[in-house]
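The figures that follow rest on heavy atoms only: side chains count, while hydrogens, waters and symmetry mates do not. The shown structure was predicted, so the numbers you read here are calculated from the model rather than taken from an experiment. Numbered from 1 within each chain, the chains take letters A, B, ... in sequence-line order.
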Number of protein chains: 2
Amino acid sequence: MTLSLPPQATQVGLAVDVAAFAIHEGCLHALLIERATLPHLQTWALPGGFVHVGEELHEAALRELRDETSIELEPRHLEQFYTFGAIGRDPRGRIVSVAHLAVLPHGTVHVMGGATTLHADWFPAHAPPPLAFDHAVILGRAIKRLQLRLEYANLALEFLPETFTLPELQGVHEAILDKALDKRNFRKRLLAQGILTPSGERRSGVGRPAQLYRRAKGARTGLL
Amino acid sequence: MTLSLPPQATQVGLAVDVAAFAIHEGCLHALLIERATLPHLQTWALPGGFVHVGEELHEAALRELRDETSIELEPRHLEQFYTFGAIGRDPRGRIVSVAHLAVLPHGTVHVMGGATTLHADWFPAHAPPPLAFDHAVILGRAIKRLQLRLEYANLALEFLPETFTLPELQGVHEAILDKALDKRNFRKRLLAQGILTPSGERRSGVGRPAQLYRRAKGARTGLL
DNA sequence: GCAAAAGTGTTATTAATACACCCATGG
DNA sequence: CCATGGGTGTATTAATAACACTTTTGC
C-alpha cells in the first residue's frame, strides 16, 4: 500500500557509512577502503554505500562492511551516531548518509577489497590518511562517540575476546582515549563497577601471569 | 554536475521531525500539531515534513516548525539527535526522518495550525497524547537527549529570557528532569560553574525579590 | 505582623587522583 | 638471578548529597 507523497518532497540517495574500529598492537585502528569508483577514485574512505530497497539501516551498514572489506566476523556493537546531509557533501547529488559506529572484536585482521573496492586495510584511527568526501569529519565524530561510550556503556569489552586480562582491558581504554591511565586507579574503578568476574589464570610469554576475567553475567551489553 | 548513482540505490523520502520544547507554568511542554492529511488524519504528531530540494536538514526543520505551528520566534537551540528509518514506520513508503530537538525561549506561546495542520498546541512533554507514526518514541528520545544536554551544555539557559533568577533557572532544570532539586546544592553548583553574572534586582508579585542573572560573556552557547 | 518566596553553611559521604613498591613467572 | 610484566594500598582532594533557618518584600 502506498499513499501519495507531497509534490515537493525530495527524493534523495540514502546511504550508510561505517566507522569500524578494532585494536591492533595496542593501538586503535579504523577500517578503511580504497575506492574503485568515481568520485574519489583510489582515495581511502569509510566503508559504506547505498541502502537497498526493503533494507533496514543497520542491515545496510552490516552488508557494506562485509562486502567492501571481506571481513569474516560480525561487529560486536553497531550504533548509528549521526546523519550527514549537507548539500555539497557528494558531487553526485543529494546524498544523505547515516553514519554508524562499529566495534570489531580482537582477532579481526584479514581484510581485502571487495567488488567495489580496490583494497581494504586498517589505519591508526587517530592519524588516518586523507579521506574522501566528508569522511574525515565522520571518523572524528565516531571516535568522540566511542570515547563517550567508554564511560557510559562498557564498550571496551566488545573489543576483546570472551576472557581477557585487566592489562589488556586497560590497553583498550588507553588506545581509545589516546592517553595513558594509572594502573591502580583503573583496576579499582573497573572492579568496583562489578561487571567483571575472574576465571582461571594464564601466562603471557613473559613476566608474571595475569588473572583472566570475563563479563559478569548480570552486566548489560555494550548496546545502548 | 551529477554523476550516476548505482542501480540498486534506494530513493527514499527524506523528512525531518522536530521535538520543540518550552517551559510553561513550570512544566516542560512539547509542541504538537494535529494532522490535516492522511495518514493519521486528526492525530497529534511532531511538526515535520519532507525536505525540499536544495534545502539543508536544519533549514527544513526550521521551516516545518514555522509553517506548521505559526510560531513567531526562532528556536534558541536546534540539534539533530537521531535518524529514524525503520521500514514500516510510514505507510506511504520508505521515509527516513532525521529527528531534531529544538528549544524555544520563554514567552513562545501563540501557536496555531498552518496550511497542512488543523491545530498546533503545547502538551506536557512527559505525558503527551497518543501520537502518529513512531513519534512517541521520537519524543521520548528527545527528552532523554535534552536531559543529557542539561549536564553537558548549559541548555537550560536557552529556555529563559536574557535575564532570569536562580529559582527560575532551577525550575527549568526541574521541569526537564521531572524531579525536585535541592535549592542550596543547585545554586552552589551553578554559581561554581561561573557561567552566570548578576545584574540588577527585581520583584516578583509576592515575596522577597530575587537577584537577576545573565549568561556570563565567556560562557559557551548551548549549541554543542 | 504575616504570608510568600529568596537566600544562605555545614557536615558526611562518595568518587577521583597521585604515587612506589613487591610478586610471580620464564629463561 | 634477573628481566618482564602483574599486582597491590594509602593519603589527598574534589564532588555530591542531605538538611533548616533567616531575610526581604507586599499587603
Side-chain angles (χ1 to χ4, degrees), chain A residues 23-27 106 147-154 156-157 160-161 163-214 219, chain B residues 23-27 106 147-148 150-154 156-157 160-161 163-214:
Chain A
I23 309 284
H24 291 139
E25 293 159 11
C27 177
H106 189 78
Q147 292 171 341
L148 258 183
R149 285 283 178 267
L150 266 197
E151 306 175 24
Y152 281 67
N154 316 304
L157 300 186
L160 294 169
T163 61
F164 50 88
T165 67
L166 278 181
E168 283 168 356
L169 183 57
Q170 181 175 348
V172 173
H173 281 249
E174 290 178 331
I176 293 173
L177 298 173
D178 201 23
K179 70 171 184 184
L181 300 175
D182 181 89
K183 206 196 316 186
R184 285 163 291 190
N185 293 335
F186 179 81
R187 300 167 85 88
K188 209 186 310 173
R189 189 159 54 83
L190 265 288
L191 292 176
Q193 284 179 242
I195 58 174
L196 302 181
T197 51
S199 57
E201 182 118 355
R202 102 165 164 202
R203 68 192 34 74
S204 40
V206 63
R208 174 175 171 176
Q211 175 67 259
L212 280 173
Y213 291 85
R214 53 168 34 91
Chain B
I23 308 284
H24 290 140
E25 293 157 13
C27 177
H106 189 76
Q147 293 172 340
L148 257 183
L150 264 198
E151 306 175 24
Y152 280 69
N154 316 304
L157 299 187
L160 293 169
T163 61
F164 49 88
T165 68
L166 278 180
E168 283 168 357
L169 183 57
Q170 181 175 346
V172 173
H173 280 250
E174 290 178 331
I176 292 172
L177 297 173
D178 201 23
K179 70 173 182 185
L181 299 174
D182 181 88
K183 206 197 316 187
R184 285 165 289 192
N185 294 335
F186 179 81
R187 300 167 86 89
K188 209 183 313 171
R189 190 159 52 84
L190 265 286
L191 292 176
Q193 284 179 241
I195 57 174
L196 303 181
T197 51
S199 59
E201 181 117 356
R202 102 164 163 206
R203 67 192 35 73
S204 37
V206 63
R208 172 175 173 176
Q211 174 67 259
L212 280 173
Y213 290 85
R214 53 166 36 90

Check side chain to side chain contact (heavy atoms under 4.5 Å, CB included) between B:Leu150 and all other residues, then give those that pass, not counting sequence neighbours.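 Listed in chain order: B:Ala156, B:His173, B:Ile176, B:Leu177.
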
Report the residues that fulfil side chain to side chain contact (heavy atoms under 4.5 Å, CB included) with A:Arg189, sequence neighbours left out, ordered by chain and then residue number.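 For A:Arg189, the residues satisfying side chain to side chain contact (heavy atoms under 4.5 Å, CB included) (neighbours in sequence not counted) are A:Phe186, A:Gln193.
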
Nearest-Å distance, CD (B:Gln193) to P (D:dA15)?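 From B:Gln193 CD to D:dA15 P: 11 Å.
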
Kindly compute the distance separating CG (A:Leu196) from CG (A:Asn154), expressed to the nearest 0.5 Å.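 It comes to 8.0 Å.
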
Would you indicate whether the side-chain heavy atoms of [Y] and [X] approach each other to under 4.5 Å?
X	Y	value
A:Glu201	A:Gln211	yes
B:Leu191	B:Tyr213	yes
A:Pro161	A:Arg214	no

So for the helix from C:dG1-D:dC27 to C:dG27-D:dC1, with five pairs setting each end axis, what is the inter-axis angle to 10°?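 Between the axes fitted at each end of the helix from C:dG1-D:dC27 to C:dG27-D:dC1 lies an angle of 10°.
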
Residue pair B:Leu181 / B:Gln170: nearest heavy atoms and the distance that separates them: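 The answer is O-NE2, 3.0 Å.
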
Please report the closest heavy-atom contact between B:Gly26 and B:Ala175, naming both atoms and the distance.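 Closest approach of B:Gly26 to B:Ala175, heavy atoms only: O-CB, 3.6 Å.
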
Counting N and O atoms only, with roles assigned by atom type, does the side chain of A:Asp182 sit under 3.5 Å from a partner on the main chain of A:Asn185, one being a donor and the other an acceptor?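 Between the backbone of A:Asn185 and the side chain of A:Asp182 there is a qualifying donor-acceptor contact (under 3.5 Å).
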
Provide a list of protein-nucleic acid N or O atom pairs under 3.5 angstrom, restricted to nucleotides 23-27 of chain D.
| unit_1 | atom_1 | unit_2 | atom_2 | d |
| --- | --- | --- | --- | --- |
| D:dT23 | O2 | B:Arg208 | NH1 | 3.0 |
| D:dT24 | O2 | B:Arg208 | N | 3.4 |
| D:dG26 | OP1 | B:Arg203 | NE | 3.3 |

Nucleotides bounding contact with chain B, strand DNA chain C, heavy-atom threshold 4.0 Å: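 For DNA chain C, the relevant span reads C:dA4 to C:dT10.
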
Report yes or no: is there a donor-acceptor pair, N or O only, under 3.5 Å between the side chain of A:Lys188 and the base of D:dT8?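 Per atom types, no contact qualifies.
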
Of the residues in residues 171-187 of chain A, which ones touch DNA chain D at a heavy-atom distance under 4.0 Å?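 Contacting residues: A:Lys183, A:Arg184, A:Arg187.
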
